[in-house]
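Fair warning: this is a prediction, and the values are worked out from it, not measured in the lab. In listed order, ligands and their atoms are each counted from 1.
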Amino acid sequence: MEFFNREKEINYLVKVLSFEPNLIYFIYGPINSGKTTLIKHVIENELDRNKYIVFYINLREHFVSKYEDFIEILFNTYEEPFIEKLKRYFLSFIKDLPDNIDIKSTILTGIPVPKNILNEFLSAKNSENVFKYLIRIFEDIKKKGKQPILIIDELQKIGDLKINGFLIYELFNFFIDLTKEKHLCHVLCLSSDSLFIERVYNEGMLKDRCKYYLVDDFDYETTRAFLKRYEFNDEEIEIIWHYFGGKPIKLVEAVQEKLLGEDIKEFCKKSLRVRKRQLKDLLYSLEDENKDLFERVIKLFENFKNKDEIFYEKITDEIVWTVKKNILFVNIEEGILKPQSRLDLLAIREILNEIKI
Ligand SMILES: Nc1ncnc2c1ncn2[C@@H]1O[C@H](COP(=O)(O)OP(=O)(O)OP(=O)(O)O)[C@@H](O)[C@H]1O
Ligand SMILES: [Mg+2]
């Protein structure tokens, strides 16, 4: 489906990337709000290819259970002569790469490294050499007058990995060095795990060294404009907005349903029934496991009877449970708690009428 809008966010990100690297950027937002789609659109379509070299690492696609897994994802191995060729290609744009090399424009999905060096990284029990190598690569790029950008999507997947201490803290120290100290490379981290972001947010080390940027669902006007493009009528638009708000993935689904000739209202109602069923299953098994927590979750839900979002004072166990289960979303900067989607809000409200404590 064609990429839609996000003008404000695109302008913001393109501008940030035009500055000297200074801060680590955290791009966060509720599930399926379009963070990955936005960042991919920016790097593929909005950046001057003669100016930037982008490393986009998506941890979602990989199984990451230990430090070595992360290192293997971070790097792409090549034979030594090919690395030289790769460098020439990216740095001066000679178009003589073999046809079978599938590299899209100036976006790399791993840092190029010769096989023997990667093996050294994997056998050493610290990350020092890895970071040194990365700095050398980024400096090389910078010397050639280009700006490196490192993007890590689904960063929370390495939240619990350890090497000496937590890998994530070593990595953040390194990112601070790359941005605030050396101004060498832009670092963007994406995540929809608001508890992970909250943990990072409260980490003293990162205060004033990183900036949070919320990518939320579409607002009403954008949702309307999106649906108009696919010839939804006003009545359908209002129904979709009522059930899904501006959740891009649900809007895309609605378009598909329309193209299939399905009834939009029935599609919306069914989506709610399905979501309600899922939430009830989660709640009933929680009730069996931990009745006290179950009751506190229901009490927390009661806040949403008449409100779409609430302010929270502190992250309680019931907040942790609902966030972990992807029912609620925490906006850490503003201290706001809200359902992950409009569908979740409606499901919560209906469930409150059916489950009593
Ligand atoms: N600007 C957009 N224009 C058109 N479709 C979009 C747009 N943004 C998101 N979508 C649709 O919504 C889907 C979900 O978006 P995406 O995967 O980018 O969300 P996300 O915030 O990265 O999700 P997650 O929280 O799971 O990481 C996409 O597959 C795409 O179909
Ligand atoms: Mg994503």
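Within the 4.0 Å heavy-atom criterion, the part of F218 lying near ligand 1 is the side chain and not the backbone. Using a 4.0 Å cut-off between heavy atoms, T36 contacts ligand 1 through both its backbone and its side chain.
Of all atoms in ligand 1, listed by their number and element, those nearer than 4.0 Å to a heavy atom of I249 are 12 (O), 13 (C). Atoms of ligand 1 lying under 4.0 Å from any heavy atom of F4, numbered from 1 in the order shown and given with element: 1 (N), 2 (C), 3 (N), 4 (C). Close contacts between ligand 1 and S192 involve ligand atoms 25 (O) [criterion: under 4.0 Å to a heavy atom]. Taking a cut-off of under 4.0 Å to the non-hydrogen atoms of I31, the atoms of ligand 1 that pass are 25 (O). Against a heavy-atom cut-off of under 4.0 Å, E2 is close to the following atoms of ligand 1: 3 (N), 4 (C). Every atom of ligand 1 is numbered from 1 in the order shown, and the set under 4.0 Å from a heavy atom of R60 is 24 (P), 26 (O), 27 (O).
Residue L150 forms a side-chain contact (heavy atoms from CB on, under 4.5 Å) with just one option from L188, I57, I53, L134, and that option is I57. Among the candidates I351, L343, V274, the single residue satisfying the side-chain contact (heavy atoms from CB on, under 4.5 Å) test with L279 is I351. If you run ring pair (Phe, Tyr, Trp, His ring centres under 6.0 Å) between Y220 and each of F226, W241, F244, only W241 comes through.
Protein heavy atom nearest atom 20 (P) of ligand 1, with residue, atom name and distance: K35 N, 3.5 Å. G34 N, 3.0 Å is the protein heavy atom nearest to atom 19 (O) of ligand 1. The single protein non-hydrogen atom nearest to atom 23 (O) of ligand 1 is N32 N, 3.2 Å, given as residue, atom name and distance. T37 OG1, 3.4 Å is the protein heavy atom nearest to atom 15 (O) of ligand 1. Looking from atom 9 (C) of ligand 1 to the surrounding protein, the closest heavy atom is P248 CB, 3.4 Å.
Within the 4.0 Å heavy-atom cutoff, G29 does not count among the residues contacting ligand 1. Within the 4.0 Å heavy-atom shell around ligand 1 one finds E154. The shortest separation from a heavy atom of V252 to ligand 1 is under 4.0 Å, placing the residue in contact.
Here the side chain of H41 pairs no donor or acceptor atom with the backbone of T37 at under 3.5 angstrom.
A donor-acceptor contact closer than 3.5 angstrom is absent between the side chains of D69 and Y67. Judged by distance alone, the side chains of S33 and D216 never bring a donor and an acceptor atom under 3.5 Å apart. Residues N202 and E198 have side chains that bring a donor and an acceptor to within less than 3.5 angstrom of each other.
A salt bridge does not link K276 with D344: every distance from a Lys NZ or Arg NE/NH1/NH2 to an Asp or Glu carboxylate oxygen is 4.0 Å or more. Taking the charged nitrogens against the carboxylate oxygens, E235 and K265 have no contact shorter than 4.0 Å, which rules out a salt bridge. Salt bridge status for D217 with K250: absent, with no side-chain N to carboxylate O gap under 4.0 Å.
Note that K146 lies outside the cation-pi zone of Y52, set by a 6.0 Å cut-off to the ring centre and a 45° limit from the axis.
Within the 2.8 Å limit, T36 places at least one N, O or S atom next to the Mg ion (ligand 2).
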